[in-house]
Amino acid sequence: MGAADAVPGVSGGTIALIVGIYEELIETIRRFGPGALGVWREGGLGALIGYLNLRFLLPLVLGIGISLVTIAHLVTWLMAHHALLLNAFFFGLVLASAWVVMRQAGAWHWRYLLPLLMGLVVAVYLPQLLPDMSQAGNFTLFCAGAIAISAMLLPGVSGSFLLLVMGLYGTVMSGVKSFDLGLIGIFGAGCLVGLLTFSRLLSWLLRHYHGMTMMTIVGFILGSLPQLWPWRQMMSYRLAADGQQVALSYRYLMPADFTAVTGEPSQWLAASALIVLGVVVVMCLGERKPSDPHAPSGKKGLSS
């Protein structure tokens, strides 16, 4: 999840869905609040650990944290030097994840069509609605953290891409890599507020409108695919204050036309193989059943 969140166009929430921990993750985050204090007073530390599902959450957070300061360096390097091949792998991975989520939604109903289309439209047009926030101060950085983490919880909506659109991707990634504690603290506080707020909304939707929520997520995932299509040409962009190019529009090409139009090698054979690899990875991992987020404490876990 940490490596995926470092790539504009990919959501860590998509990875959580693929491996079957998404609903448990949302429910676990939701439990952080006043109710946890009551559990602590009544049952002590052991009850609190069970209530907050820390045996699940702490290894996950540790893995994300280690990835952000290690694998994220590799991923950002690949984005700079082998973007076409990296996008190809994630395109296959994200495409197949839509199938995994549709299976989790259950049997198809016509009432799912509207949330599917709504998710698709939001994923496509949301980045265009966000302003350039690169010149703003600490409060804006706080708000950007809340927006980005909320997006990262949604499969198919990339928090990193939204940061790129807002002109803050380079600033945040540089701050993480250089351990800028001031920037990390302000951005992290915004992430914490967004995490605790948005997780409650998602948890409620999954409990009361599970099928429709999952189909909305499928729309988000399908709407994110153009951002990962390997053979594309940037048609227009704007420069953020940190020097990052923020794409405004793309021309999507077939591999045979890519070299003629851009003058760059299409690498179609390697890219096609990576798309297939991404699909295969998801098909293998997608066979794992999601854990029950509402199971009693101590009885949760992934089943296979």
Side-chain angles (χ1 to χ4, degrees), residues 1-2 4-5 11-17 19-69 104 138-155 157 159 162-163 172 175-176 179-210 212-214 216-217 289-303:
M1 288 176 65
D5 281 331
S11 169
T14 303
I15 307 299
L17 261 173
V19 299
I21 64 171
Y22 182 73
E23 293 185 52
E24 183 172 359
L25 174 62
I26 297 300
E27 178 65 18
T28 299
I29 295 171
R30 183 194 68 82
R31 293 187 178 188
F32 282 79
L37 294 176
V39 172
W40 185 26
R41 291 193 189 99
E42 293 179 10
L45 183 60
L48 181 64
I49 291 174
Y51 177 77
L52 296 179
N53 202 13
L54 295 184
R55 291 182 178 87
F56 160 82
L57 188 62
L58 290 180
L60 182 67
V61 171
L62 181 63
I64 292 173
I66 291 174
S67 177
L68 285 174
V69 297
Q104 295 181 21
N138 291 340
F139 178 72
T140 303
L141 187 63
F142 174 90
C143 293
I147 294 171
I149 198 66
S150 298
M152 287 175 184
L153 286 178
L154 279 175
V157 181
L162 294 188
L163 283 177
V172 172
V176 172
F179 293 97
D180 184 339
L181 296 181
L183 182 146
I184 293 173
I186 295 169
F187 185 78
C191 289
L192 182 62
V193 171
L195 196 67
L196 296 179
T197 303
F198 196 59
S199 64
R200 282 163 169 74
L201 173 61
L202 278 177
S203 177
W204 184 86
L205 288 172
L206 287 168
R207 289 198 307 270
H208 294 88
Y209 301 99
H210 184 271
M212 297 182 72
T213 301
M214 297 303 280
T216 304
I217 289 173
K289 297 178 182 178
S291 54
D292 181 3
H294 308 293
S297 299
K299 297 185 179 180
K300 295 181 181 179
L302 293 172
S303 57

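No experiment lies behind these values; they were computed from the predicted model shown.
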In the structure I gave you, are the side-chain heavy atoms of [X] and [Y] within less than 4.5 Å of one another anywhere?
X	Y	result
Glu24	Asn53	yes
Leu206	Glu27	no
Ile21	Phe56	yes
Phe142	Val193	yes
Tyr22	Leu202	yes

Backbone of [Y] reached by a side-chain donor or acceptor of [X] within 3.5 Å:
X	Y	answer
Thr216	Met212	yes
Ser150	Phe198	no
Ser67	Gly63	no

If you compare all heavy atoms of Arg207 against all heavy atoms of Arg30, which two are closest, and at what distance to 0.1 Å?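 For Arg207 and Arg30, the tightest heavy-atom pair comes out as NH1-NE, 3.5 Å.
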
Of all heavy-atom pairs between Leu52 and Thr28, which one has the smallest distance, and what is that distance?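 Nearest pair, atom of Leu52 first, then Thr28: O-CG2, 3.1 Å.
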
Could you pull out every donor-acceptor pair under 3.5 Å between side chains of residues 38-47 and any protein atom, sequence neighbours left out?
none

Derivation and outcome, side-chain contact (heavy atoms from CB on, under 4.5 Å), residues Ile217 and Met214: CA-CA 5 Å; Ile217 289 173; Met214 297 303 280; 4.3 Å; yes

Determine, stepwise, if the pair Leu25 / Leu57 fulfils side-chain contact (heavy atoms from CB on, under 4.5 Å). CA-CA 8 Å; Leu25 174 62; Leu57 188 62; 4.1 Å; yes

